[in-house]
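Numbered from 1 within each chain, the chains take letters A, B, ... in sequence-line order.
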2 protein chains.
Amino acid sequence: MQTLSTEDYLKAIYHVSQSSSGAVATTSIAKQIGAKPSSVTDMFKKLSDQNLVKYQKYQGVSLTNEGVKTALRIIRKHRLWESFLVSHLNFNWDEVHQVAEQLEHIQSEKLTNELERFLDYPTHDPHGDPIPNRALFMKTYNKILLTELPVNKEGVCVGVRDNSSGFLRYLDRRQIGIGTLLQVLHREDFDESLHIQAGKSTLMITKKTAENIYVKP
Amino acid sequence: MQTLSTEDYLKAIYHVSQSSSGAVATTSIAKQIGAKPSSVTDMFKKLSDQNLVKYQKYQGVSLTNEGVKTALRIIRKHRLWESFLVSHLNFNWDEVHQVAEQLEHIQSEKLTNELERFLDYPTHDPHGDPIPNRALFMKTYNKILLTELPVNKEGVCVGVRDNSSGFLRYLDRRQIGIGTLLQVLHREDFDESLHIQAGKSTLMITKKTAENIYVKP
DNA sequence: TTAAAAATTTAGTCATACCTAAATTTTTTT
DNA sequence: AAAAAAATTTAGGTATGACTAAATTTTTAA
């Protein structure tokens, strides 16, 4: 049984290790968790004692099989709760994160599995991220960044890379959400901004925006 | 903002103060929380510093107005979650307590209020206990113990005093639940056991059982 | 009303999970 | 290949919330 804090660390290590290769560095977790590197070192030792990570001094950590499983169980709960909040409790996709961060620590297998049934076994959360099933398996589409979508080819928005409230609200205002049909009409050479068709409206977005939107061609 | 632990203490103090008069003793909270009396004394001091209780050395504590409000906010969440677990997630009334003990600490006013709306503003939880509304007001019926119901008068089961799994499962097996119509057919002078009509079946229950069932005449 | 019992508090520890400051190792730059 | 910079760890400290054992106060009983 983990403490709140060890769960947070495992999740953070999982996320960082997904978006980069090799061992996970102390500093990257410090940033993610919002703690000092020295505190992270302390925790790395504890996690290593519990065989949840492999830790070599000065070389960072990587999750063990048991560590990955624990992380996925938390991510499963997080994403199921986010789905519930949006589908039944009138939360917007930019509001769910903070509450799901709390709910993901609730310990009850029955609760998690019944919630999944109640939601009718969703495969993706409101941000388009895949939800691990009971066996901790998740389907990932082969999505690409909007910057990589060829001009004039259509794609469906299936997720975002930046999950911050600010970005999500910005997309809301531009009427872009999961499922929105997107098409790059023109790529500006000068500043790499894009003219796109989003649903029924045409608009201009910056390169920075485009590289935070995932599409399925 | 309270810690998990202070919330548990406030709730415990509230419950004990409801079922007895005067100040709440150190030992009674120690029993309720499952901690040693010395730990309880420590916490009484902390709660007193935060003006959540009035504390006099050797004389126990009583909740301040702010302490009562905090306790009721937690109880509100606890009972709403219990209702949700039973009504939507296939939990039995004897299974909900442990999970609700965790869920009651989730901090999000929007979550609580939306959950209440989703459940259509329930007034009582699965054990018949009243749920404080947004203004922390709760309706209590004038219920009596089954031992006090006059022979041959009918009453509806509206709650239980003992919320333990064991007792609730015992009632389940006897097909007694919230809303069951009860009638005392005969009171045995010898051991104070009761012959009762419960719904459509007749059965015998002990005094101990009867004094843990609340009825509305 | 005093002695015994029970309840409560104090004093001193412990584990968790954080911190700062200093030391050490690794990486990068010159 | 040194020197400088960056990353990481160690050492020592803090607050929380628990504990044990001993001291104190209150309550009960003789």
Worksheet item: Hey, does the side chain of Ser17(B) reach the backbone of Ile13(B) with a donor-acceptor pair shorter than 3.5 angstrom?
Response: yes
Tell me the interatomic distance from [X], atom [atom1], to [N], atom [atom2], rounded to whole angstroms.
{"X": "Tyr55(B)", "N": "dT25(D)", "atom1": "OH", "atom2": "C1'", "answer": "11 Å"}
{"X": "Gln2(A)", "N": "dA15(C)", "atom1": "CD", "atom2": "P", "answer": "19 Å"}
{"X": "Asp42(A)", "N": "dT9(D)", "atom1": "CG", "atom2": "P", "answer": "10 Å"}
{"X": "Gln50(A)", "N": "dT16(C)", "atom1": "CD", "atom2": "C1'", "answer": "12 Å"}
{"X": "Gln56(A)", "N": "dT26(C)", "atom1": "CD", "atom2": "P", "answer": "11 Å"}
{"X": "Glu7(A)", "N": "dT16(C)", "atom1": "CD", "atom2": "P", "answer": "16 Å"}
{"X": "Met43(A)", "N": "dT9(D)", "atom1": "CE", "atom2": "P", "answer": "14 Å"}
{"X": "Leu47(B)", "N": "dG17(D)", "atom1": "CG", "atom2": "C1'", "answer": "12 Å"}

Remember a base hit wins even if backbone is also touched, and classify [X] as base, sugar-phosphate or nothing at under 4.0 Å, heavy atoms.
{"X": "Thr26(B)", "value": "sugar-phosphate"}
{"X": "Phe44(A)", "value": "nothing"}
{"X": "Ser39(A)", "value": "base"}
{"X": "Ser38(B)", "value": "base"}
{"X": "Lys57(B)", "value": "sugar-phosphate"}

Worksheet item: Any Lys/Arg nitrogen of Glu192(A) or Lys207(A) sitting under 4.0 Å from an Asp/Glu carboxylate oxygen of the other?
Response: yes
Worksheet item: If you pin Val40(B) and Gln59(A) to their nearest nucleotides in DNA chain C, which one's is more 5'?
Response: Val40(B)
Can you tell me which nucleotide in [options] comes closest to the side chain of [X]?
{"X": "Ser5(B)", "options": "dA18(D), dT9(D), dC18(C)", "result": "dA18(D)"}
{"X": "Lys46(A)", "options": "dC19(D), dT16(C), dT26(D)", "result": "dT16(C)"}
{"X": "Thr3(A)", "options": "dT16(C), dC19(C), dT10(C)", "result": "dT16(C)"}

Ignoring backbone atoms, establish whether [X] has a side-chain N or O less than 4.0 Å from OP1 or OP2 of [N].
{"X": "Lys36(B)", "N": "dG17(D)", "result": "no"}
{"X": "Thr41(A)", "N": "dT10(D)", "result": "no"}
{"X": "Tyr58(B)", "N": "dA23(D)", "result": "no"}

Fill in: His15(A) side, atom NE2; Ser28(A) side, atom OG - distance, nearest 0.5 Å
13.0 Å
Discussion item. Would you call the rings of Phe118(B) and Phe118(A) parallel, tilted or perpendicular, taking 30° and 60° as the class edges?
Written reply: perpendicular
Worksheet item: Under a 4.5 Å cut-off applied to non-hydrogen side-chain atoms, are Val40(A) and Tyr9(A) in contact?
Response: yes
